[in-house]
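Each ligand, and each atom within it, is numbered from 1 in the order the structure gives. This is a predicted model, so every value here is computed, not measured. Along the sequence shown, the residues carry numbers beginning at 1.
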Amino acid sequence: LTAGPELDTRPEFLEDVRAGLCAERKRLSCRYLYDERGSKLFERICEQPEYYPTRLEAEILERIAPELAALFDEPPRLVELGSGSAEKTRLVIEALIARHGSLLFEPIDISRSALELSSQGLLEEFPELEVHAIASEYVAGLHALSEECEISPAPWLVAWLGSSIGNFHRTAAADFLRRLRNELRPADFLLVGVDMRKDASVLEAAYDDEAGVTRAFMKNLLLRMNRELGAEFDPDAFRYEATYDEELGRVEMHLLSERAQRVLITSLGLEVDFAAGEAVHLENSYKYSGEEIEALAKSAGFEVRRHWDDGEDRFREVLLALPKESP
Ligand code: TRP
């Protein structure tokens with residue numbers, strides 16, 4: 001198990017908070033939601049009854065894992081982008097080991113602690129498994145792996161699960177897929193978990209659960225700024241809202257100021273004014289139609305080789321590869 005140091009994101013955190021809270025339409029970057037407490041809250045979001053994607057994706061993966069293993073004649077290497085707890089990935093790992101005898105698993109995640117924790121668990125559970133964990137941003141990590149491929153040419157199954165693709169704007173998703181594609185070879189596959197367009201009521205409940213875990217997850221960023229940046233946010237002075245924009249096909253997540261207030265952020269030497277009802281944007285989650293998935297794949301230079309859904313087309317696993325008659 002090798003992993004780099006936890007990335008020092010503090011200078012970026014400071015700059016992003018300054019830029020985001022000084023903007024005309026205030027925003028905070030979702031990447032800062034995942035500190036230690038945030039990561040735990042996120043795991044709990046995935047267990048909420050309203051948050052259907054995790055459950056549906058696990059069901060699909062369990063069902064299709066043997067088919068994924070059968071895509072390869074020789075033992076593949078399994079790469080996972082943003083592996084987190086790797087809870088759903090173990091279903092795929094199990095099937096790959098069952099078919100190919102052993103497996104090299106290469107999770108890439110920006111959280112070194114999440115990598116260590118999940119890798120230890122997997123190594124204990126699967127004696128046939130070797131784990132090479134990379135603490136890095138996705139494309140940099142994948143690039144580092146592809147350089148090693150010169151030595152070990154085993155084909156890749158790259159998994160990007162949890163509808164993380166939905167957290168990119170549509171054009172950024174295409175750009176990102178194109179960058180991934182540049183790291184892949186003709187025998188490789190990219191498996192992407194995609195959440196489908198559906199009723200606003202289902203979506204809004206999924207992102208604003210009854211137990212208030214998502215709300216706590218969002219407000220945790222205020223607490224993080226208090227702790228790490230000497231800010232003086234009162235979490236009770238903000239409320240959380242998730243709204244689905246049908247036309248854009250995205251759930252938008254905001255914190256709204258309950259009243260007019262001024263908040264000091266000591267490390268930035270900055271006081272930020274919030275009007276009553278003013279919104280701070282934190283995250284989007286884009287939803288896709290089948291046609292949108294096809295178009296996205298094509299624009300990124302991929303071909304959709306297969307896809308599987310939950311039976312009601314609420315969630316899909318999409319298998320991408322380089323086009324067969326690629327020039
Ligand atoms: N990729 C997940 C999604 O969009 C992440 C997620 C679920 C999430 N709930 C969230 C991200 C709440 C931020 C806030 O479904």
Side-chain angles (χ1 to χ4, degrees), residues 16 20 27-35 37-61 80-89 108-111 114 138 159-170 172-173 176-177 191-224 235 238-245 248-256 279-288 292-293 296 309-310 314-318:
D16 284 356
R27 59 188 145 76
L28 287 165
S29 169
C30 54
R31 53 185 298 220
Y32 303 111
L33 292 169
Y34 302 84
D35 64 355
R37 178 164 179 265
S39 300
K40 284 187 187 135
L41 285 167
F42 184 72
E43 298 286 315
R44 281 182 51 209
I45 288 176
C46 296
E47 294 161 6
Q48 296 310 301
E50 299 95 331
Y51 193 71
Y52 61 87
T54 310
R55 216 172 41 251
L56 295 184
E57 184 167 48
E59 283 167 22
I60 301 169
L61 288 175
E80 183 172 16
L81 308 177
S83 49
S85 68
E87 203 44 62
K88 287 168 291 189
T89 325
I108 304 174
D109 199 293
I110 49 167
S111 167
Y138 297 159
W160 191 26
L161 307 179
S163 84
S164 302
I165 193 168
N167 301 125
F168 285 61
H169 290 292
R170 291 184 198 275
F176 179 69
L177 285 180
L191 182 71
V192 188
V194 186
D195 196 21
M196 306 303 283
R197 285 179 178 258
K198 57 181 68 63
D199 272 4
S201 59
V202 177
L203 287 168
E204 287 174 358
Y207 291 88
D208 190 5
D209 55 277
E210 195 64 42
V213 184
T214 304
R215 185 185 334 133
F217 177 60
M218 296 300 185
K219 290 195 177 186
N220 182 54
L221 186 47
L222 303 179
L223 300 176
R224 180 176 184 183
F238 289 84
R239 71 169 185 281
Y240 170 65
E241 233 175 60
T243 45
Y244 182 56
D245 184 323
L248 293 175
R250 72 179 192 199
V251 178
E252 299 170 357
M253 291 162 251
H254 291 99
L255 286 173
L256 290 89
V280 182
H281 179 267
L282 276 107
E283 179 71 299
N284 292 318
S285 187
Y286 281 86
K287 307 304 165 188
Y288 283 83
E292 285 169 330
I293 293 173
L296 174 66
D309 70 48
D310 58 289
R314 289 172 292 180
F315 198 94
R316 272 193 203 182
E317 292 303 322
V318 182

Query raised in the report: For ligand 1, which atoms sit closer than 4.0 Å to a heavy atom of Ser285?
Result: 3 (C), 4 (O), 15 (O)

Query raised in the report: For ligand 1, does Asn167 get within less than 4.0 Å through its side chain, its backbone, both, or neither, judged by non-hydrogen atoms?
Result: side chain

Requested in this report: Please indicate whether any nitrogen or oxygen in Tyr51 is less than 3.5 Å from any nitrogen or oxygen in ligand 1.
Outcome: yes

Query - Per-atom contacts, ligand 1 versus Ser163 - under 4.0 Å to a heavy atom - result: 1 (N), 3 (C), 15 (O)

Query raised in the report: What residue and atom, counting heavy atoms only, is the protein's closest point to atom 8 (C) of ligand 1, and at what distance?
Result: Phe42 CE1, 3.8 Å

**Report entry** Where ligand 1 meets Met218 - atom numbers and elements under 4.0 angstrom, heavy-atom basis
**Finding:** 12 (C), 13 (C), 14 (C)

Report task. With Glu80 as reference, evaluate Leu161, Leu191, Asp109 under the side chain to side chain contact (heavy atoms under 4.5 Å, CB included) test and give the passing residue. Result -> Leu161

Query raised in the report: Can you say whether the rings of Tyr34 and Phe217 are parallel (under 30°), tilted (30 to 60°) or perpendicular (over 60°)?
Result: perpendicular

Query raised in the report: Going by heavy atoms in the side chains, are Met218 and Leu33 under 4.5 Å from each other?
Result: yes

**Report entry** Arg215, Glu283, Gln48, Arg250: member with heavy atom nearest to atom 11 (C) of ligand 1
**Finding:** Glu283

Query - Residue and atom name of the nearest protein heavy atom (relative to atom 12 (C) of ligand 1), distance in Å to one decimal - result: Met253 SD, 3.7 Å

**Report entry** ligand 1 N/O within reach of Thr214 N/O, cut-off under 3.5 Å
**Finding:** no

